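See structure below.
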Amino acid sequence: MKFEITEAEAREMAKFEEEVDCDVSAGPDWGIHFDKVIDFVLEQTSSNTVMDSEECKLPDLKISLSSSQISDLANAPKQHREN
Amino acid sequence: MNQQNNIEVQLIRAVDGTSMTAQLVPLAAKHSADFNQSWREQLITSTNEDQYWDWERKQQIYLSSAIGAFEGYAIECEQITQGMMIIQTSGHRSQIDPERRLVYVHSLATAPWNRLNTGSDGFRAVGRTLLQFARFRSEELGCGGLVGVHSLLGAEEFYLRMGMIDGGVDAEKENLRYFEWYRRRLFQGEED
């Protein structure tokens, strides 16, 4: 899927905006404080990105156990297994 | 799915009707800087003090209690920010069919020189391109093109003529009127 606005579509949008004669805005009027909203969102999105990249950095762990070790683990008391 | 990368769009210069190529890009620190260096001065009014108190209240209503993931986008043309939009891609559901998720337009603003009510001669098609993009993201994210928005007083006519459904005033959002782009599922299993 691709987002595309052609010149013809842009002209139609411009004509529509002029006809309706009102400004396209949404949400509250943040006035001179819109920068704070931008900063809030950037902080939110960057923390999500950090979390995503940390997830990507997790190494692959390979554990090799012999059948006797597996058996020991399975038979060990619950408290031992958690330690 | 990750936030979208740069996309080429077209804007129309109001003064002579020429078409200009612009970039729709993810929100970045540059846009905050553009706001401070270019937008702010033109937005300053005699009610600045009121705006300060408004900020405190609005922060409580729209940011502190906000749910869901945010995405931010801006349109750049001639090296400056022409418009910005913040959407929430989770945590919001259709008012018409609450079983369906939608993309919620948290905030959308165009540069002061692009606003019709200021009589300025900047660019046209900035706001509507951003809204179209919100709809595109809704489709891309499996929300079937459903988009919700709270309209500022004065922009209501715009949303009605865009074919959005009037959901009435919302007492929890300072009595802003809620609009929704809704359409029926095309086929079963289209969405989550």
Side-chain angles (χ1 to χ4, degrees), chain A residues 1-65 74 78 81-83, chain B residues 3-4 7 9-12 14 19 24 27-29 31-32 35-36 39-40 43-45 48 51 54-55 58 61-63 69-72 84-86 105-110 115-117 124-129 131-133 136 139-140 149-152 154-155 157-158 161 173-174 176:
Chain A
M1 217 168 2
K2 186 183 170 195
F3 183 73
E4 192 176 20
I5 300 287
T6 63
E7 183 181 332
E9 287 168 331
R11 289 197 183 282
E12 188 277 323
M13 287 179 180
K15 190 175 164 213
F16 179 86
E17 286 180 5
E18 298 271 3
E19 278 173 8
V20 178
D21 194 26
C22 61
D23 287 312
V24 188
S25 55
D29 182 3
W30 295 106
I32 59 170
H33 301 295
F34 196 58
D35 57 330
K36 294 176 186 167
V37 184
I38 301 166
D39 295 342
F40 173 86
V41 171
L42 289 177
E43 200 174 294
Q44 298 283 313
T45 49
S46 70
S47 61
N48 287 343
T49 307
V50 169
M51 281 174 65
D52 290 347
S53 61
E54 288 300 318
E55 280 173 23
C56 292
K57 276 187 224 161
L58 284 175
D60 289 333
L61 293 176
K62 288 180 183 170
I63 301 172
S64 299
L65 295 173
K78 186 172 182 285
R81 273 183 275 158
E82 284 172 353
N83 291 338
Chain B
Q3 191 158 317
Q4 293 282 305
I7 297 167
V9 294
Q10 300 293 316
L11 301 180
I12 306 299
S19 170
L24 197 158
L27 200 64
H31 306 119
S32 183
F35 180 89
N36 284 312
W39 292 35
R40 180 187 288 273
L43 291 172
I44 289 174
T45 65
N48 276 344
Q51 288 197 20
D54 264 348
W55 163 250
K58 284 176 174 149
I61 299 172
Y62 298 98
L63 295 178
F70 285 97
E71 287 184 10
M84 291 183 262
M85 175 177 72
I86 294 159
V105 180
H106 180 277
S107 299
L108 188 156
T110 56
R115 297 180 188 182
L116 282 119
N117 66 5
R124 300 287 177 261
V126 178
R128 199 161 161 198
T129 296
L131 275 176
Q132 283 297 132
F133 188 70
F136 171 81
E139 285 170 356
E140 202 172 39
V149 59
H150 280 89
S151 167
L152 273 172
E157 177 72 12
F158 178 87
R161 289 189 55 179
K173 295 281 171 73
E174 303 178 294
L176 296 182

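Keep in mind that this is a model prediction, so the values were computed, not measured. Quick note on labels: first sequence line is chain A, next is B, and so on, each numbered from 1.
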So which part of [X] gets closer than 4.5 Å to some heavy atom of chain A, the side chain, the backbone, both or neither?
X      : answer
B:L63  : both
B:E174 : side chain
B:L24  : side chain

Quick one: does A:E17's side chain have a donor or acceptor within less than 3.5 Å of a partner on B:A125's backbone? yes
Backbone of A:D29 reached by a side-chain donor or acceptor of B:K58 within 3.5 Å: yes
Count the heavy-atom pairs under 4.5 Å between each of [options] and chain A, then report the option with the highest count.
options                        : answer
B:L131, B:T110, B:T129         : B:T129
B:V9, B:L108, B:N36, B:L11     : B:L108
B:A109, B:S151, B:G154, B:S107 : B:S107
B:H31, B:Q132, B:R40, B:H150   : B:R40

Locate the shortest heavy-atom distance separating [X] from [Y]; write the atom from each residue and the value.
X      : Y     : result
B:R128 : A:F16 : NH1-CG, 3.3 Å
B:Q10  : A:I5  : CG-O, 3.5 Å
B:F35  : A:H33 : CZ-N, 4.4 Å
B:V149 : A:A26 : CG2-CB, 3.3 Å
B:A28  : A:L42 : C-CD1, 3.6 Å
B:F136 : A:K2  : CE1-C, 3.5 Å

Under 4.5 Å from a heavy atom of chain B, the part of [X] involved:
X     : value
A:E4  : neither
A:E9  : neither
A:F34 : both
A:K15 : neither

Going from [atom1] on [X] to [atom2] on [Y], what distance comes out if it is rounded to the nearest 0.5 angstrom?
X      : Y      : atom1 : atom2 : answer
B:F158 : A:E19  : CZ    : CD    : 11.5 Å
A:E18  : B:R124 : CD    : CZ    : 4.5 Å
B:L116 : A:D21  : CG    : CG    : 6.0 Å
A:W30  : B:M84  : CH2   : CE    : 13.0 Å

Steps toward side-chain contact (heavy atoms from CB on, under 4.5 Å) verdict (A:F3, B:E140): CA-CA 10 Å; A:F3 183 73; B:E140 202 172 39; over 6 Å; no
What option among A:P28, A:A14, A:A10 has the most heavy-atom pairs under 4.5 Å with chain B? A:P28
